[in-house]
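Have a look at the structure below before the remarks.
Order of the sequence lines fixes the chain letters, A, B, ..., with proteins taken first and strands second; residue numbering starts at 1 for each chain.
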Amino acid sequence: MLDIQLLRNQPELVAAGLARRGAVIDLTAFEALEAQRKAVQTQTQDLQAKRNTLSKQIGMLKGKEAKGEEVAAVMAQLMSEVAGLGDALKANEDQLAVLLPEVDAFVARIPNLPHDSVPGGRDESGNVEILRWGTPPVFDFSPKDHVDLGEALGGLDFECGGKIAGSRFTVMKGQMSRLHRALAQFMLDVHTAEHGYTEVSVPYLVNPDSMFGTGQLPKFEEDLFRIERADGSRLYLIPTAEVPVTNIVRGEILDASALPLKFVCHTPCFRSEAGSYGKDTRGMIRQHQFDKVELVQIVTPEQSWDALEALTGHAETILRKLNLPYRKMALCAGDMGFSAAKTYDLEVWLPAQNTYREISSCSNFEAFQARRMQARCRDVKGGGKPRPLHTLNGSGLAVGRTLVAVLENYQRADGSIVVPAALRPYMGGLEIIGG
RNA sequence: GGAGAGGUGGCAGAGUGGUCGAAUGUACCUGACUCGAAAUCAGGCGUACUGCAAGGUACCGUGGGUUCGAAUCCCACCCUCUCCGCCA
């Protein structure tokens, strides 16, 4: 959520920032709504103040009456005076009860402002390559894609996934399952042992408040799987561990000296993929369910930009240790997600597609999510007031897509797969799958 | 699923209609004493909105209601704990 003060005081600045990402804001509507809100709110509070003082006087008179003083007449006078406020006050409060949520709803649907360092651009084509690492492998045979490789090895079964659940679901078996598990374990171990993250395990179903906190709601409900419960409440399957993990600090005021908090979390992720019909229908690239190891940092406002570089580096480390060629992209303003102030995508080389595909997305949200979550920090020494903290997250990495990258980059002419050296300790020393 | 108890400030814990945004203790911050610390003493110490300020308003699990006035009474819901049942 944007700082509503910024929206009130510098609306042109907000509009300009939003324009960079192709978003339009109706400032006239906002200002009209705000003017109305302000008028009704001050009037309501004046009436409440009047009621409160009069009622207090009645209270004092009650005390005197108890001591035997004759105050009934004055009291009756006051009571009728207060009663006269009743209707006007009720009307104002009712009006306010409509206006305040309207203002909230308006602000809740505005995306974050892109950071100054974010390149301009409308879509994917405006993204800027920051670096390239590794060399795409050269094969003396025609490389297969992960579907052909996986099916031939008996490790990937898309038909079976379709039978059990539907399209965009996969069944893995044998060494393929183990390789998948090894990848997740490896990532968790690197991030905890070498990068200082604390591993957390969290709910895979979350409530609407949590989805609001990280920005999935109210605008992107159609991207989520929803569970309706008998009592009328609802839960959502997490589309990323970002949601439950970031919401750990929702509603909290943290001692600034306790920051940064660094969490790593392995979960399945569930996405409805509404609107992506026909896109990546083959294989494991785009699934309704996939595993991901997520990095989340909770930091002070001063720390967040350094933290974004560090966090992205942590994700890159996994690719490097697996010796997978990748490139690092700075997303342009028009291609960033709703809540992000800046995002780096890491794209891994996929030989069969002869291109780089997203395998990680690392973002600094600045105070955008923190404001929605009312997550704040306080400098105890300075005696300062609570202020919104900053949040970041990034995939480190998407496990399913990493599996795809390993299969395709490490394949041999006979269809067997070389197990990357870093994973062998997790595979009981196995060097070749299907050899 | 059945029965019961309870949700108040960082924590503990009072408060059952009226100067209650809330006693007290503890933690924490500042100052005094001290070479320093402990102990002691004095003061401060929730969040948000609003106002130049003084101040005002809201918040005692959440949402409604009763009342001139609600932490306190009524209704619904949520959560926690205990016991029983069921169960990975």
Which side chain to side chain donor-acceptor pair (under 3.5 Å) pairs, counting each pair once, include a residue from [range], with sequence neighbours left out?
range                       : result
residues 185-195 of chain A : D189(A)-Y426(A), H191(A)-H195(A), E194(A)-K321(A)
residues 211-228 of chain A : T214(A)-Q216(A), E221(A)-R226(A), E221(A)-Y236(A), R226(A)-E228(A), E228(A)-R234(A)
residues 265-274 of chain A : H266(A)-D291(A), E273(A)-S276(A), E273(A)-R286(A)

With sequence neighbours left out, which residue pairs that include part of [range] fulfil the ring pair (Phe, Tyr, Trp, His ring centres under 6.0 Å) condition?
range                       : answer
residues 8-32 of chain A    : F30(A)-F106(A)
residues 155-189 of chain A : F169(A)-H288(A)
residues 33-54 of chain A   : none

Under 3.5 Å, side-chain donor or acceptor atoms of residues 18-27 of chain A against the rest of the protein: list the pairs with distances, not counting sequence neighbours.
residue: R20(A); atom: NH1; partner: H115(A); partner atom: O; Å: 3.3
residue: R20(A); atom: NH2; partner: V118(A); partner atom: O; Å: 2.3
residue: R21(A); atom: NH1; partner: N112(A); partner atom: O; Å: 3.0
residue: R21(A); atom: NH1; partner: G337(A); partner atom: O; Å: 3.4
residue: R21(A); atom: NH2; partner: M336(A); partner atom: O; Å: 3.2
residue: R21(A); atom: NH2; partner: G337(A); partner atom: O; Å: 2.8
residue: D26(A); atom: OD1; partner: T28(A); partner atom: N; Å: 3.3
residue: D26(A); atom: OD1; partner: A29(A); partner atom: N; Å: 3.1

- What's the CD-C1' distance between E81(A) and rU67(B), to the nearest Å? 18 Å

- Task: Figure out the CG/P separation between N52(A) and rA22(B), and round it to whole Å.
- Result: 13 Å

Would you tabulate the nitrogen or oxygen pairs shorter than 3.5 Å linking the protein to nucleotides 16-19 of chain B?
residue: rG18(B); atom: N2; partner: S55(A); partner atom: O; Å: 3.0

- Message: Hydrogens and angles aside, do N52(A) and S55(A) bring a side-chain donor and acceptor to less than 3.5 Å of each other?
- Response: no

Kindly give the atom pairs (protein nitrogen or oxygen, nucleotide nitrogen or oxygen) under 3.5 Å for nucleotides 50-54 of chain B.
residue: rU50(B); atom: OP1; partner: R8(A); partner atom: NH1; Å: 2.6
residue: rU50(B); atom: OP2; partner: Q5(A); partner atom: NE2; Å: 3.1
residue: rG51(B); atom: OP1; partner: K38(A); partner atom: NZ; Å: 3.3

- Task: Using the test salt bridge (charged side-chain N to carboxylate O under 4.0 Å, His left out), find all partners of R181(A) that sit at least two apart in sequence or belong to another chain.
- Result: none

- Message: According to salt bridge (charged side-chain N to carboxylate O under 4.0 Å, His left out), who are the partners of E81(A), at least two apart in sequence or on a separate chain?
- Response: none

- Query: Roughly how far apart, to the nearest Å, are rU72(B) and rG63(B) at atom P?
  - Reply: 13 Å

- With rounding to whole Å, what would you report as the distance between rG36(B) and rA22(B) at their C1' atoms? 40 Å

Every protein N/O within reach of nucleotides 73-81 of chain B N/O, cut-off under 3.5 Å:
none

